[in-house]
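Working notes for the structure below.
The chains referred to below are lettered A, B, ... by the order of the sequence lines, with proteins before strands, and numbering in each begins at 1.
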2 protein chains.
Amino acid sequence: MGTTQLETVPEPKYWHLKTVLSEALDRDFEVGEVLPNERELAARFGVARATLRQALEQLELEGRLQRRRGVGTTVAPPRVGVAVASAQHGWPRESVDGWELVGASDAVPPAAVLKLLGSAEGEAVHTVRRTRITQGQAVAAELLYVPAACVPGLSPLDAPSGPARARAVLRELQKLALDGQDRSVELGSARADDAKELDRLPGAPVLLVTTRYFTAAGTAAVSVATYRADTCRLTFGDSGDVQITDAPTVSVAS
Amino acid sequence: MGTTQLETVPEPKYWHLKTVLSEALDRDFEVGEVLPNERELAARFGVARATLRQALEQLELEGRLQRRRGVGTTVAPPRVGVAVASAQHGWPRESVDGWELVGASDAVPPAAVLKLLGSAEGEAVHTVRRTRITQGQAVAAELLYVPAACVPGLSPLDAPSGPARARAVLRELQKLALDGQDRSVELGSARADDAKELDRLPGAPVLLVTTRYFTAAGTAAVSVATYRADTCRLTFGDSGDVQITDAPTVSVAS
DNA sequence: CAGTGGTCTAGACCACGTG
DNA sequence: ACGTGGTCTAGACCACTGT
């Protein structure tokens, strides 16, 4: 059988393209450099623009590229490691590491959150909004849900919304004894409001980090943090002492 | 100005479609039910198939749908919570919970892994392949990298590959004192081999869980586990005692 | 084999950022 | 105003799964 021609996989074009581009990125491009525009690239590789875009999408998903409408496609820096589980448990605190209070409202939590809280629909739930800034970039938007019943000390209409109210809710939480917490991570797509906060388009891939805070009385709070999946690597420091530090610097020789 | 017509956002069609479909899924469909095919759905909503597909892609990303070529699009069950960080640290063990040894090889690890290991290129590194099965479904494919220097007790060519060799590597690891470990989670796309193992197409979105194992001598092993992002929710049990249990059962009548 | 989702094309227009 | 990426169309063909 002279089938020297291995006629195995008709590898999709966009997949092959992705590989080629990925190698080119390693070889010929620096972080931050802008690529030729999509029409030009498509022509250069002899494919339709849609096909080229499919390859770019993958590379963006993997954190290799960054695309911005009206600007262009640039080579992304390595993902930043953001610590998600600190060594100690603890309530979310005001003014800690990179978190910034945005405001508060009494918007209705989604059904999934109500289930985690064990609350019925219609029960009052405080909602605190925070943003996490790392290296000048918003990397996460969080919604913290606290059933009103869990923080009875809070006067209902002192400051109905805004940072002042948010601060008050967090202050009340600190008074409770935290029994434990658990976390889960899953893939999602950014809701419109989160997307705006993260400077992404709606639907952008995000990592959803859901944290439950337990007291003796049950689940006292649930937080849903939306992390940019393209730029973030979530780190969990299980080890006793080792600190996670990212690649020191990419250090391009001037 | 009589602009009663709020001409704010020209919301993308696929985004609106996604919302409509999502509501329809909640209302009119059971888990496992198959949807009309894409051409039919596109016609029904008066959009091109590509646009319809964009909406379906999003819903699949969010774990609401499952699409299989040659079969159709079905309503996905809720994501399964898979425990990633057990309460105690420990080396990967043979025959534990849902993990299954696949084999071993001495393939060269990717550059990123070498960097984590602190190894130079060309150093011998053992590679153990495992698969994680949950509820009859492969949810993760793992590659465990162990520098040969870390397990000197291993005779080089007893069983050069296959499960026997993999078992031997794990057995050697148990002998070392584990000092600590850390973990990171990021979004990626499935490599061709992982995709096959997970019964997905290459490029499918996955959650990459990278674990470093430390001994006094430094990083003794690195594992890169590829979890199906569409079906998995990674859980981290930080809490002292609470166990994460998912929605009891979806229980479709008979 | 028929029917499904997956890939690909060659166009068009729109929304956004920058000069 | 211009150039960028984002959306959308109406087709075509391919690869896979079932019967």
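Between the CG atom of A/Asp230 and the P atom of D/dG5 there is a distance of 16 Å, rounded to whole Å. In this structure, CG of B/Leu52 is placed 12 Å from P of C/dG6, rounded to the nearest angstrom. We find that CZ of B/Arg200 is positioned 14 Å from P of C/dG5, with the value rounded to whole Å. The nearest whole Å value for the distance from the NE2 atom in B/His16 to the P atom in D/dC8 is 12 Å. Across the protein-nucleic acid pair, B/Gln66 atom CD and C/dT4 atom C1' stand 15 Å apart, rounded to whole Å. Remark: P of D/dG5 and CD of A/Glu40 are 11 Å apart, rounded to the nearest angstrom. Rounding to whole angstrom units, CD of residue B/Glu11 and P of C/dC16 are separated by 13 Å. Summarising the geometry, the separation between CZ on A/Arg53 and C1' on D/dT4 is reported as 11 Å, rounded to the nearest angstrom.
Looking at residues two or more places apart in sequence or on another chain, you find a salt bridge (charged side-chain N to carboxylate O under 4.0 Å, His left out) between B/Glu186 and A/Arg79.
Put simply, the side chain of A/Arg228 gets close to the backbone of A/Leu198: a donor and an acceptor are under 3.5 Å apart. Remark: side-chain polar atoms of B/Glu62 are not paired, donor with acceptor, to backbone N or O of B/Leu59 under 3.5 angstrom. Without hydrogens or angle criteria, A/Gln58 side chain to A/Ala55 main chain gives no donor-acceptor distance under 3.5 Å.
Ionic pairing of B/Arg53 and B/Glu38 is present here: one or more N-O contacts between side-chain nitrogen and carboxylate oxygen are shorter than 4.0 angstrom. One finds no salt bridge joining B/Arg67 and B/Asp230 here, because no Lys/Arg side-chain nitrogen approaches an Asp/Glu carboxylate oxygen to under 4.0 Å. A/Lys196 has no carboxylate O lying under 4.0 Å from a charged side-chain N of A/Asp193, or vice versa, which leaves the two without a salt bridge.
OP1 or OP2 of D/dT9 lies within a sub-4.0 Å distance of a side-chain N or O belonging to B/Thr51. Not one side-chain nitrogen or oxygen of A/Thr73 sits closer than 4.0 Å to the OP1 or OP2 atom of D/dT4. For A/Tyr14, a side-chain nitrogen or oxygen approaches OP1 or OP2 of C/dT7 to under 4.0 Å.
Along DNA chain D, the nucleotide nearest to B/Lys13 and the one nearest to A/Glu38 differ in position, and the one closer to the 5' end is contacted by A/Glu38.
Side chains of B/Leu207 and B/Leu234 form a contact here, defined as non-hydrogen atoms less than 4.5 Å apart.
Of the candidate nucleotides D/dG6, D/dC8, C/dG6, D/dC8 has the atom nearest to the side chain of B/Pro12. Checking D/dG5, C/dT7, C/dT4 against the side-chain heavy atoms of B/Asn37 singles out C/dT4 as nearest.
Considering all non-hydrogen atoms of both residues, B/Thr235 and B/Ala83 come closest at OG1-CA, 3.1 Å.
Annotation: proximity of residues 54-63 of chain A to DNA chain C (heavy atom, distance under 4.0 Å) is found for A/Gln54, numbered in ascending order.
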Pairs under 3.5 angstrom, nitrogen or oxygen only, protein versus nucleotides 10-19 of chain D, please.
residue : atom : partner : partner atom : Å
D/dA15  : O4'  : B/Arg69 : NH1          : 3.4

